[in-house]
Structure formats: C-alpha cells, structure tokens
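Reading through the structure tokens given below for one structure.
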Amino acid sequence: MTEYVFLAIFLPLIASVLSLFVPKEKGKAWLVVVGAFLSAVFSVLAYAPAELYARTYAVPWIPQLGLYISVHLDQFSGVMGMLVSWLVFFIVLYSVKYMEGDYRPGWYWFFMGFFATSMLIITYADNLWFLLMGWEGVGLASWALIGHWYKDDEPDVKWVGHPGDRIALVDYFWPPSKAGLRAILTIRTGDSAFLVSLAYIFAALGTVQLSGLLELGPAVSALGLLPLFLFLLGPLTKSAQFPFTEWLLTAMTGPTSVSALIHAATMVNAGVYLLIVTAPVFALVRGAQIYFLAVMVFGALTAVLSSIIALTADEFKLVLAGSTAANLGIIAAAAGGAGLLGLRGEALLPLLWIAFMQIVGHAISKAPLFMGYGAVIHESGTKYLGAVGRLGRYMKVTAFAMWLAMLSLIGMPPFAGFFTKEMASDNIALGFGGLSGILVAGLIAFLAPLYGLRLIGLSMVHGPEPKEHIHEAHPIMWVPYTVLSLATIGVGGYLAYLYSDKALELIESPGFLAFLVGLAIALALYVFKPGVRSRALEPLWKIGYRRFYLPWLYDGLVVWIYHNLAHAVYWAVDRGVFDNAYHVALPWIFGRLSAAFRRLQTGNLSWYLLYAIAGALIVVLLVLA
Amino acid sequence: MIDPVFISALVFAALAPLALKLDGRYLAVAIGVALFAMAFLAPSAAFFFTLLGVVVIALALDWPYGGMGLSLGISAAAVALAAYAYYRTVAAPQYALSYAIAGIAALAAATVSIYGLLASGREKENIEGALKYLIFSAVGKTLILLGFMLAIYISPVLGWVLMGMGFMFELGIAPAHLWMVDAFALGTPKGVATLAVFGELTPLIVLLTLLNVVPAASQAALAFLVVALASMTFANVAGLTARTFGRIMAYSSIAHMSYALSAVMLVFYFGNRFVSLPLLGTMSAFSVASLVVLLEGLTSGLAKAGIFGALTVKHADTMPERRVLSNTLNVLSLLGAPPLLGFWPKLFLILLAISIGQVGVAIIVILNSVLATPYYLRAFRQVLEAPGPSADNATSILTATLSVILGIAAPLLISALIP
C-alpha cells in the first residue's frame, strides 16, 4: 500500500518531467493525462480508512535534521489524496483541448504535473520538512502557472480588471506577469514565518513528525503560542484568508484550467487542509484556544468579505474566485470552531472531519464551475459578466452542468454542498456560540445563493444575446465538468445516506433558514425578475466591487512604503555608508597613504641608506625598550 | 672529510673559464641537470635540488644568457648549497657552525651572480638597479656575519640585533626595502626572475640555518616582529598605487619577505612550543614557522620567476608587452588563492598566530591579505589584457604548473620541507 502512495504522489511529476522530452504538444498533454490518471488510480488503491495518524510509514533521509520521507495513511489523507488526484486528472483532461495551440505547452504541462505532485506531498506527508517541499512546490507552480501567459496579451480575456482602470494613482487591472508576482510575494511572506515555526518546533521538541508530535502528548504543551501563530501565517496566506485574499483574486489571469486546479484541487486547499490535520497536535499546546479562536475569526471574516466581493464582481472567474475565498473561510472557521469545541470536551476528530468534508464539497462543485466558465470564455471571447448572456440556449450541456455545480456550491439540498456546508456552518455557529454564532453562520449562508445565482442568472438565463454564434464546447472539455457536476448529486446522495439522522437537524438550523431567504431573494433578483437596481446600495456595492480597496493598499500604499524604504536604505546605507566608505573614503585614504609611501622611492641611494639607518635605529630603540 | 656537495660547488665554480668558450645557457642547463642528479647524493635536501634543477633548466631554455648563463647556474647552485647546509645543520648539530658559514658563503655567491644578471642588459637603468641590490646586499651580509659571530661569542641579543638588521637589508624589509623596488623596476627581467627565485630563497634559508644555530633573543625577536608587521602593511599599502609590473611585484616581494620574517620572530618572541594545527598535526611552533618561511620563499620566487621570465623588455618598469596566460595562475598564487601554493603559507601563518594566542597578529596578516588584493588583481588584469596571441614560455608554464601541483600537494610536502 505504501508503494501505491508513492506512485500516486510521484507519477504526475514523472510524467511531467518526461513531457519535457516529448517534442509534440499532444504528446506532452496525453503523457501528463496518463500520469494523472495512474496517480488517481493508485490513490484509490492506497486508501486506508484508519483514524488520523493511525498508520504512518517513514524512510529516513537526513535523520539528524528530523527529515524523513514519511506519509500518514488514514481517512483524511486518503480522501484528500483521491480528491486531489481525480480532480487533477479531470482538469488535465479538460486542458488537452482547452490549451490546444497555446504558445507555451512545455511550461504548462511540466508545471501541471509538478503542481499535482507537490499537492499530493502535502496531502500525505507526516513529516513537516517533507511537507515543506510540497508546500514550496505548490508556491512555485502557482507562480509559474498564474503567470503562464507571460506576454500579457489579450487583456479582455487574460487579465483581471478593466485595462486603464485606476484608483488614486493605482492601477486596478492585473496582467498575468503581475498577478504571478503578487501570488508568490504574498505566499512567500507567510512561508517565511511558516519555516521559522517548523525550525522552532524541531528545536523545541526534536521532531517534526506530526504523528510523533501527537505521541508526545502533554510535552507539546510547552511549545507556546508563538510557533503556532508563525505557523498560522503559512496557511493564512496559502489559503488566501483575509487580509491575504488579493493574490487569489488576481490569480484568475492564469488559464482557467489552472484556476480550477488552484481553487479546487491544490494550493488554496493546502492551507486549510493543514489547519485541519495539525489541529489535534496544536490542541495539546497551552493556550491553544487563542490559536483556534484566531483561526475561526479569520475564517469567518474571510467568508463574509469574500462573499461580498463575489457578489459585486463583474467577471465570471472573479465571482468564482471570491466564492473560493468565501468557502476557504468557511473551512478555516469550521476547523477553528472544531478546535475550540474539542478543547471544551467534545470529540475533536469528528468535528475536524466536518470541516474537512467542506473541502470535498467545495472542490467537486468548484472544479466544474471553473472549467465550465472557462469554456464560456473560450467560446464567447469575453470574461465580463453582463457582456454576454442567455448562454443556456447555446451551451445547453454546459448550462446544465453549471446549474448543478452552482446549486451544490451554494448549499442547496440534496447536493453534496448542502451537507458539507451546513455541517461546517454548525461548527462555526457552535464555535462562536450564542447569537453571534447564529448571526455569522446565517450571514455566510445568506450571501452564498446571492452571488451564486447572480452569476448563473446573468450569464446562463438572462443578459445580452451573444453577438457571434456560440456553440457547445468540445466534448473533451464538457465531459470532465459534466461528470464532476453530476458527482455533486452522487456524493450528495451518499452523504444523505451517511448523515440521514442529521438531515432534519440541518434543515431546521438557522443557517439553512438564512440560506432559504438568500435563495428566494437571489431567485427573484437574478433569475425571475432581473434588472432591479438600488441607488441606496450603490456606495456599498462600490466598496465590494473595489474589493474593500485592498488592491489600493497592496499595489499602492505597501508598494509606495516599500519603494521609498528601499530608496531610503539605498541612499542612506548603500550609497551613504558602503559606497562612500568603499568607493570614496577608503580608496582616498589608502591612495594618499600609498602615494606618500611611494614618494620615498626617489632613486637616490644616499636617501635609501639614510632610511635604512633610521630603521636600524628604530630596531635598536625597540630592543632597548 | 670534505662534504661531496661542497666539492660539487667548487667544481661548478671551476667551470667559470668554460663560459668564455661556451654559451652560458648550456652551462646553466648542465648545472641544472647536475643539481637534479645531486638530489640522490643529498636525500634530505632532495626536494630543493630537484626543484632548483628543473627551474634553472627552464630559465636557461627561455633566454640566451651568453656568459651570464654561468651566473644563472651558480645562483641556483648557491640556493641548493644553502638548502643543503640548512638541512645538515639540523641533522648534524656538531657541524652546525661550519654549515652556517657555508650558508652565508652561498648567500654571497648568489648575490654576485644575481648582480651580474640584473646588470646584464648593460643599460644605465639595469646597472643602477643591480648596483643598489649589490650595495644593500653587501651591507646586509656584513651585518649578518658580524652579528653571527657576536651572537656566538659575545651576546645573542646584540648579535641578533645586527643579524636582524642584516636580514632587513638582505630581504628588503621596510625601511631597508628601497633597493628592491629599484632592482625590480630597473634590472633586466631575467635578472629579476633570478633575484626573485634564488635571491629571495637563499637568505630565507640562511635565516632558518642561523636560527637553528643561535636561537633569536626574545628582545630582538619582538623588535623584528614589529618591524615585519609594519613592513608588510607598508608594502601592501604602497603597492596599491603601483602601476608597472616591476614595482607591483617588488612590493609583493617585500610583503612576502615580511610574512616570512614575522613567522619566525613570532615564535622566538612568544616562545617555541608544541602546537596542534589542522593538516599539520602536533609539531613545534618553530617547525611551523620554518614551513611558512620556505613556502613563502617558494611562492614568491616561483611565481615571479614565471612572471619576469616571460618579459622580453630591457627592464621591468613597464606593463607586460605580451599575453602569457599561465602567469594568471602565478599572480593568483601570489594573491593566496586556494588551492594554489601561495594559499598555504598565509594559512599556516594565521593558524600559527592563533595557536600561540596571538589573534591580533592573525588579524593583521588577514587584513594585509585583503589590502594586497587590489594590486594583485591589477596585475592579473594586466596579464590578461596584454596584447595577444598568448606567448607562454617554459618558465611561466613550469612555475604555473608548480604553483598548482605544489599547492594541491602542499600538505604532503611538509615532511620534505621540514628537516
């Protein structure tokens, strides 16, 4: 079984490395598809329905530094591994047609496999150093793929924002090269703290094996909160939690298949997944309730604010990106809530499983949505919501799939999203407790149908007729997302069977009530009676549309401060101290000194002897001293 | 019984009339071959005999020396004799005095030969440079001989004050260094090459010989340690603005001689003791200092023989007029770049200073190495930017190869260098 795990992890990478040596684009593509497919098959074979960290397997690499190639095989890693590898397979299959004729096939297919392997390392790793390799790998791959279209051409399709749009001297549009840089800079900020925290944990406890830390038991309590919060910065940035949401939104400059990969299968899920699987260890640390509370608050804040961004965005993919951030917020908040409830005496693992299931529910809904809207952009040639509409008439299969996936995403019963989201909302409500819990969970549930049906309503049902003839996407594109959207019903049915005893409880929850209210309003505003506008809400809409002016902060203020600080350091330290010292002062001093010394070289022998005699006298004085 | 090596030296001297009939370079080659063969007669100094034999043959192959070829051979034989005397002084202390005198005699023979070579261009500048060398060297030898006698029969302190002054003149330690700059800049390049490789190595070996016979007095050692540290700093600072090859290399030589002098004076001031160093293991501090002295002499001599041996101009107060790429390695060896030969003496000197608790001395040496870098890099650039095509000759290639091979094998040479 362990062999299967390693095959599942490394087959995509092997395929992508081999693809570098295949000259034809088709050859590269199908090689990576086959690698991804085999990886998915082996992930199923490697599945072990055991409790978290019950089964581990380690091969020593550099034991002195605590580095082992080690994996944990349990229900968390097993389900996550299958989810990641199968989604990767569907997405790369979709890419075969979607990326056909692209100008950079070698780059694309290499990093797709590299991305998958990196994410699978994170999924299965029991050793935090080994996990760090995957962690950095997804960071590198995300930079490479977000900025895939490095020529920054076709702004109407490949950029985020409206070219030329500016707010207070700051550009409000992002070409792929800039978006890639934004992503890596944000992620690296968190990764730096994350790395320090791993080193801290290793220095303090002598191991970075997650199972080993769990076995240490009470000894972990001495760790304190500092490494936990440093650690938290990694998942917060990687999973685009507030205030680090921005990179995820502008990551839409990558090809849509990459967006699907980042949002559904890899990258952003890595952060929240790590929050979940480390929770049993960190629950042992003294003061862990503050850590879990922070996780929950950051998550809830992200969920609400990102839902508003999704509701006000005017680009297909930006709406989906906002909803991703919102759902990641829900997962993080549910994980934080689980941790708090666990500390209050409830069984931790079942609560964490609930948070984890939301990763699954969100992923299988989000992947088809990205692929489907990728097909829409591919066919219509625009990324703007409202620029093209009534697509349900022309892309019937796609519209059907989008409806299914969106209903699952917003939490409509009996789709998979209903069960996972409602249970996660319960975690949040109970974690906050009292009225505040109901309000937070209710607000999140209320906003989801609004942004979801707005997208579907204004693109598939209403909106302007396409100017050119639009037809259904190629089967290689629509089969993967249709299969996945149908899976939302299948998984929903399975969850209904699994949680039949809780179904009634979920329907009666305040969160579901808020969802129904949101759904009714959304149906009225975006499906049955579109076109209603409110001038009173416009200022609020603008704040959401401008993404709470965070881009202005990151691209304007932070850049300005950094730029000026760098200039100040350059002028004061580099030029002022070092350049002046090394290039002006020292050469001047030594030049003068050297010239003075060399002036002794007169050529006159008498003087030479005189200097030598003077030297001899000095020697005599030194001896006598 | 007269030592067979001394007899050989006398035979070399007796060959002088042949110089009237035969091109001197053939005589130099013959002496080189003879030195090479004599390595079998004197196993303790075999390394020096072999090395000197090869170097003198290379120098002889590169230049038509005329009658001065014999001078070249004699100067090499003088170093061999000095080296032999040094090793015999240690091996047979009962004859130490005789061997020490033989060493001083070898120094005199080397000086006379090198004077001739420096002046062999017959230009006014050549003669001026050679004459300054001769005068300072003569004063130095007089002081050394006088001091040696005083140290043995009257007072070691007084004797070492005079001997130390003598070595200041002989080695070109500041402020008795001024002759060296003129000799390097104005002498013929082949004379300077000989001066660098034989004229610097001989007094260093004689210094070690005399230290084995009469250990330096502590008070004198302190004075000369201070002088040596000041001299290396002076030379490296002065070298910073030197432009011509002759002057750059002259300051380099003053610095190298100062490093060597500082090593032995450091030991005699702070006391000889056993020290444990990486690569060397446990040995006496004086043995380490002797190793530094010999390696400094070899580094400076071999590299400069290659550098000056490649010049075709009348005197070296100029830029290199043709590109000799192997000399880049020679310059890097002088700079002390690992793993070339020049890296080791500096490293051992720094380790020696640290091992006897003199971190300050180690820092001064390190700072001097840093200070010297710009002028070595200037010389490196001059070599590279000289007009092509590349015109490497036997001496430059040989010395560059030796800088690399001896550098890589330096830790293995210790037993061959330390008696």
Side-chain angles (χ1 to χ4, degrees), chain A residues 61-67 199 202-203 566-625, chain B residues 125 128-129 131-132 134-136 139-140 143 157-158 160-169 172-182 184-186 217-228 230-231 233-243 247 250-251 254 370-371 374-375:
Chain A
W61 186 355
I62 311 173
Q64 296 84 348
L65 294 177
L67 174 54
F202 181 67
H567 260 268
V569 169
Y570 170 69
W571 284 106
V573 181
D574 197 23
R575 289 289 295 268
V577 178
F578 290 104
D579 271 12
N580 277 332
Y582 290 127
H583 299 149
V584 180
L586 282 175
W588 185 85
I589 292 167
F590 280 101
R592 287 297 178 94
L593 212 54
S594 179
F597 286 176
R598 287 182 54 230
R599 267 199 288 276
L600 297 178
Q601 209 69 41
T602 57
N604 188 320
L605 189 60
S606 310
W607 281 105
Y608 288 6
L609 285 168
L610 187 67
Y611 294 137
I613 291 164
L617 287 174
I618 291 168
V619 168
V620 171
L621 286 173
L622 280 170
V623 172
L624 293 175
Chain B
E125 288 87 354
E128 185 186 335
L131 204 59
K132 283 174 180 163
L134 186 67
I135 291 169
F136 270 77
V139 174
L143 289 171
V157 177
L158 188 59
W160 265 107
V161 168
L162 287 183
M163 271 196 281
M165 287 179 188
F167 279 108
M168 280 174 64
F169 278 73
I173 305 293
H177 68 286
L178 294 157
W179 69 267
M180 191 177 268
V181 181
D182 283 355
F184 269 61
L186 305 177
S218 171
Q219 302 94 313
L222 173 64
F224 290 112
L225 175 63
V226 172
V227 167
S231 173
T233 311
F234 179 94
N236 286 325
V237 171
L240 287 173
T241 50
R243 300 280 161 198
R247 289 175 194 278
Y251 288 115
I254 297 164
V370 175
L371 207 53
Y375 68 77

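Quick note on labels: first sequence line is chain A, next is B, and so on, each numbered from 1.
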Open item on the list: A side-chain contact here means heavy atoms from C-beta on lying under 4.5 Å apart; do B/Asp182 and A/Tyr608 qualify?
Closed with: yes
- [ ] Specify which of B/Arg247, B/Lys132, B/His177 makes the most heavy-atom pairs with chain A at under 4.5 Å.
- [x] B/Lys132
- [ ] Go through B/Ile135, B/Val161, B/Val139, B/Val181 and name the one with the most non-hydrogen pairs under 4.5 angstrom from chain A.
- [x] B/Val181
TODO: Answer with side chain, backbone, both or neither: which region of B/Leu240 has an atom nearer than 4.5 Å to a non-hydrogen atom of chain A?
DONE: both
- [ ] Would you check if B/Thr241 and A/Phe597 make a side-chain contact, meaning some heavy-atom pair closer than 4.5 Å?
- [x] no
Open item on the list: So, taking the atom named CH2 in B/Trp179 and the one named CG in A/Leu609, what distance separates them when rounded to the nearest 0.5 Å?
Closed with: 13.0 Å
- [ ] Measure A/Leu624 against the heavy atoms of chain B and call it side chain, backbone, both or neither at under 4.5 Å.
- [x] neither
- [ ] Would you sort out whether B/Phe136 and A/Leu605 count as a side-chain contact (heavy atoms from CB on, under 4.5 Å), showing the intermediate values?
- [x] CA-CA 10 Å; B/Phe136 270 77; A/Leu605 189 60; 3.8 Å; yes
Task: Which atoms of B/Leu371 approach chain A - backbone, side chain, both or neither, heavy atom under 4.5 Å - done: side chain
TODO: Specify the closest pair of heavy atoms between B/Ala238 and A/Ser594, including all atoms of both residues, with the distance to one decimal.
DONE: O-OG, 2.9 Å
Task: Contact summary for B/Phe169 and A/Ala612, nearest pair of heavy atoms - done: CZ-CB, 3.5 Å
TODO: To the nearest 0.5 Å, tell me how far A/Ile618 CD1 sits from B/Met165 CE.
DONE: 10.0 Å
- [ ] Look at A/Ala616, A/Ala614, A/Gly615 and state which one has the largest set of heavy-atom pairs under 4.5 Å with chain B.
- [x] A/Ala616
